[in-house]
Amino acid sequence: MASEIHRASTTAPVNIAVIKYWGKRDPKLNLPTNSSLSVTLSQSDLRTHTTASCSPTYTHDELILNGSSQDVSGARTQACFRELRTLRKQLETTNPSLPALSSMPLKIVSENNFPTAAGLASSAAGFAALVRSIANLYELPASPTELSRIARQGSGSACRSLFGGYVGWEQGSQPDGSDSLAFEVAPASHWPTMRAVILVVSAAKKGVSSTTGMQTTVATSSLFPVRANDTVPRRMAEMQTAIQERDFESFAKLTMMDSNSFHATCLDTWPPIFYLNDVSRAAIKAVEAINHAAGKIVAAYTFDAGPNAVVYFEEENEGIVAGALRKLVGEKEGWKGEAKSDDAVVEKVVKEAGVVQELLREGVSRVICTGVGEGPVKTDEHLV
Ligand code: ADP
Ligand code: DP6
């Protein structure tokens, strides 16, 4: 039927980098100045749900996010639409019996089950879901790797949300970006015991966007070339080894040092960019106190372009890490299970916390308890 609506839906995950992407060598294609590596977080807790539809009855391309119409004229969304339509067109040319979906307007409807543009990687889940849902609609035989090339053009970090588990993004060297792709370092099942607590410090929109911030850093920071050319390449290799060997202490140390290195280049940007605030620094102190009390590294903090802390730990240390954070932060929305209180390590951390506890109690609005998870999942629940 000519008036038929074609549709396909997917969910897609958030990812939080442990080796950060910060800096573009080509802002149009979102080609980075360094490779990066992230952990995909479980969609039971944070997810984007997107339905892509097309119909000859539609009059224009449209994107509705959390109930409100978004501007689709931006170069990033347009690049994703264009690339996906080109791939569909190729299928239609080789098989003329296929419906001409590539020439129909698209209507995309999407919902994030967490705050948008609050430093919780909504753009990563959002563009991964947008690209995956349209690829499903167009029945493209494209692999997650091929789709990562397209999602990258929507938002750099989105390319890593096409995979579950532990995911790398190879910076590549081709000027057209054909080799700047995401790849699986290890599936979630390789190291399924990785957990994360997100301390949501501010759910408000952030001050300096990643896109603007990283461009200013590349242009002005003298620390930046050392990070991009020396520090990150070395740590990318070390991080992949740590993940292969499920070596939490190395994973954690690299994660914390890379977050600090990234935020140091932000401070070294002119004019300086501050993503961390007093509450973020209290979270760093809390993690240091937990590791000190445990006598080994059992927790790792990392911060994206905002003040929220993401703390990674292994399931076996949940009692110590989540237990201590819960005592420090207090009973806020998002903690799972009963609060435990009898652990000696937790008691020690709390006893010595002082002002750290005050800052966390006042500054953390809610928490999200999650862990490593799978990549995008096709669903028959349609939003159109
Ligand atoms: P965040 O820190 O949450 O990633 P950004 O400011 O970097 O914040 O990105 C937010 C932008 O990402 C939104 O304004 C929107 O353009 C895009 N985005 C977020 N969620 C979606 C979605 N579900 N579908 C499409 N685009 C989305
Ligand atoms: C700090 O992917 O949001 O979260 O490519 O301009 O959309 P654009 O930037 P974006 O930047 C993410 C930066 C980061 C680090 C990371 O996720 O690797």
Side-chain angles (χ1 to χ4, degrees), residues 15-38 71 74-76 115-124 126-127 152-158 160 169 171 180 198-233 235 254-285 287-288 301-310 355-356 359-360 362-365:
N15 72 78
I16 297 292
V18 290
I19 301 287
K20 306 290 186 192
Y21 150 51
W22 196 253
K24 300 175 201 264
R25 64 178 201 275
D26 181 331
K28 229 178 118 205
L29 290 169
N30 277 342
L31 300 180
T33 47
N34 60 260
S35 297
S36 55
L37 199 152
S38 56
D71 179 15
R76 292 158 165 236
T116 298
L120 292 172
S122 71
S123 58
F127 276 103
R152 184 200 74 228
Q153 296 173 58
S155 179
S157 54
R160 299 185 310 240
W169 170 13
Q171 65 183 93
S180 187
I198 306 175
L199 305 179
V200 182
V201 169
S202 160
K205 271 188 165 255
K206 60 194 179 198
V208 181
S209 77
S210 317
T211 307
T212 313
M214 65 176 87
Q215 308 254 62
T216 319
T217 302
V218 173
T220 64
S221 166
S222 63
L223 289 183
F224 178 75
V226 181
R227 170 175 166 76
N229 301 327
D230 177 35
T231 315
V232 169
R235 289 191 184 147
L254 289 164
T255 296
M256 294 187 276
M257 289 184 85
D258 190 73
S259 176
N260 294 340
S261 155
F262 150 48
H263 288 281
T265 67
C266 290
L267 184 60
D268 190 48
T269 298
W270 189 259
I273 305 169
F274 310 103
Y275 288 122
L276 307 185
N277 63 20
D278 286 350
V279 184
S280 317
R281 283 183 284 274
I284 294 176
K285 287 279 174 210
V287 169
E288 285 188 331
Y301 56 77
T302 186
F303 299 82
D304 277 350
N308 303 326
V310 177
V355 68
V356 164
L359 282 163
L360 292 175
E362 279 173 30
V364 174
S365 56

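The chain is numbered in sequence order, starting from 1. Heavy-atom basis, side chains included; hydrogens, waters and symmetry copies ignored.
- Annotation: side chain of Arg152 is in contact with side chain of Leu31 (closest heavy-atom distance under 4.5 Å).
- Aromatic ring pairs are classed by plane angle as parallel below 30°, tilted from 30° to 60° and perpendicular above 60°; the pair Trp22 and Tyr275 is perpendicular.
- Distance CH2/Trp169 to CG/Asn15: 10.0 Å, rounded to 0.5 Å.
- Summarising the geometry of Asn34 relative to Tyr21, their closest heavy-atom pair is ND2-CA, 4.2 Å, with the distance given to 0.1 Å.
- From Thr255, atom OG1 reaches atom OH of Tyr301 across 10.0 Å, with rounding to the nearest 0.5 Å.
- Taking every heavy atom of both residues into account, Thr269 and Thr265 meet most closely at OG1-O, 2.7 Å.
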Steps toward side chain to side chain contact (heavy atoms under 4.5 Å, CB included) verdict (Val364, Val200): CA-CA 6 Å; Val364 174; Val200 182; 5.6 Å; no
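- Shortest non-hydrogen contact noted between Gln171 and Ser180 is O-OG, 2.9 Å.
- Distance alone, capped at 3.5 Å, places no donor-acceptor pair between the Asp304 side chain and the Gly306 backbone.
- For the pair Ser280 (side chain) and Asn277 (backbone), a donor-acceptor distance under 3.5 Å is present.
- Scanning all heavy atoms of the two residues, the minimum distance from Ala283 to Leu199 falls at CB-CD1, 4.1 Å.
- With sequence neighbours left out, the salt bridge (charged side-chain N to carboxylate O under 4.0 Å, His left out) criterion links Asp268 to no other residue.
- Of the options Ile284, Asn260, Asn308, Val310, a side-chain contact (heavy atoms from CB on, under 4.5 Å) to Phe303 is made by Ile284 and by none of the others.
- A donor-acceptor pair under 3.5 Å is absent between the side-chain atoms of Thr212 and the main chain of Val208, judged by distance alone.
- In this structure the side chain of Lys285 never reaches within 4.5 angstrom of the side chain of Leu359, judged on heavy atoms.
- Between the side chain of Ser122 and the main chain of Thr116, no donor-acceptor pair closer than 3.5 Å is present.
- With hydrogens and angles left out, the side-chain atoms of Ser38 and Arg160 include a donor and acceptor closer than 3.5 Å.
- Using modelled atom types, no side-chain atom of Ser155 and backbone atom of Ala158 make a donor-acceptor pair closer than 3.5 Å.
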Side chain to side chain contact (heavy atoms under 4.5 Å, CB included) assessment of Thr302 paired with Lys20: CA-CA 10 Å; Thr302 186; Lys20 306 290 186 192; 2.8 Å; yes
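- Taking CD from Glu362 and CG from Asp278, the interatomic distance works out to 11.0 Å, rounded to the nearest 0.5 Å.
- Cys266 contributes atom SG, which lies 9.0 Å from atom CE of Met214 (distance to the nearest 0.5 angstrom).
- Within the 4.5 Å cutoff, no side-chain heavy atoms of Lys24 are placed close to those of Pro32.
- For Phe224, there are no ring-ring contact (aromatic ring centres under 6.0 Å, His included) partners two or more places apart in sequence or in a different chain.
- Here the closest non-hydrogen pair linking Leu267 and Phe274 is CD1-CE2, 3.5 Å.
- Scanning for side-chain contact (heavy atoms from CB on, under 4.5 Å) contacts around Ile19 gives Leu37, Val232, Arg235, Met236, Met239, Asp258, with sequence neighbours left out.
- Of all the heavy atoms in Ser222 and Val226, the pair that sits closest is O-CG2, 4.5 Å.
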Worked verdict on Arg76 versus Ser123 for side chain to side chain donor-acceptor pair (under 3.5 Å): CA-CA 11 Å; Arg76 292 158 165 236; Ser123 58; over 6 Å; no
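- Taking the side chain as every heavy atom from C-beta outward, Leu276 and Arg281 approach each other to under 4.5 Å.
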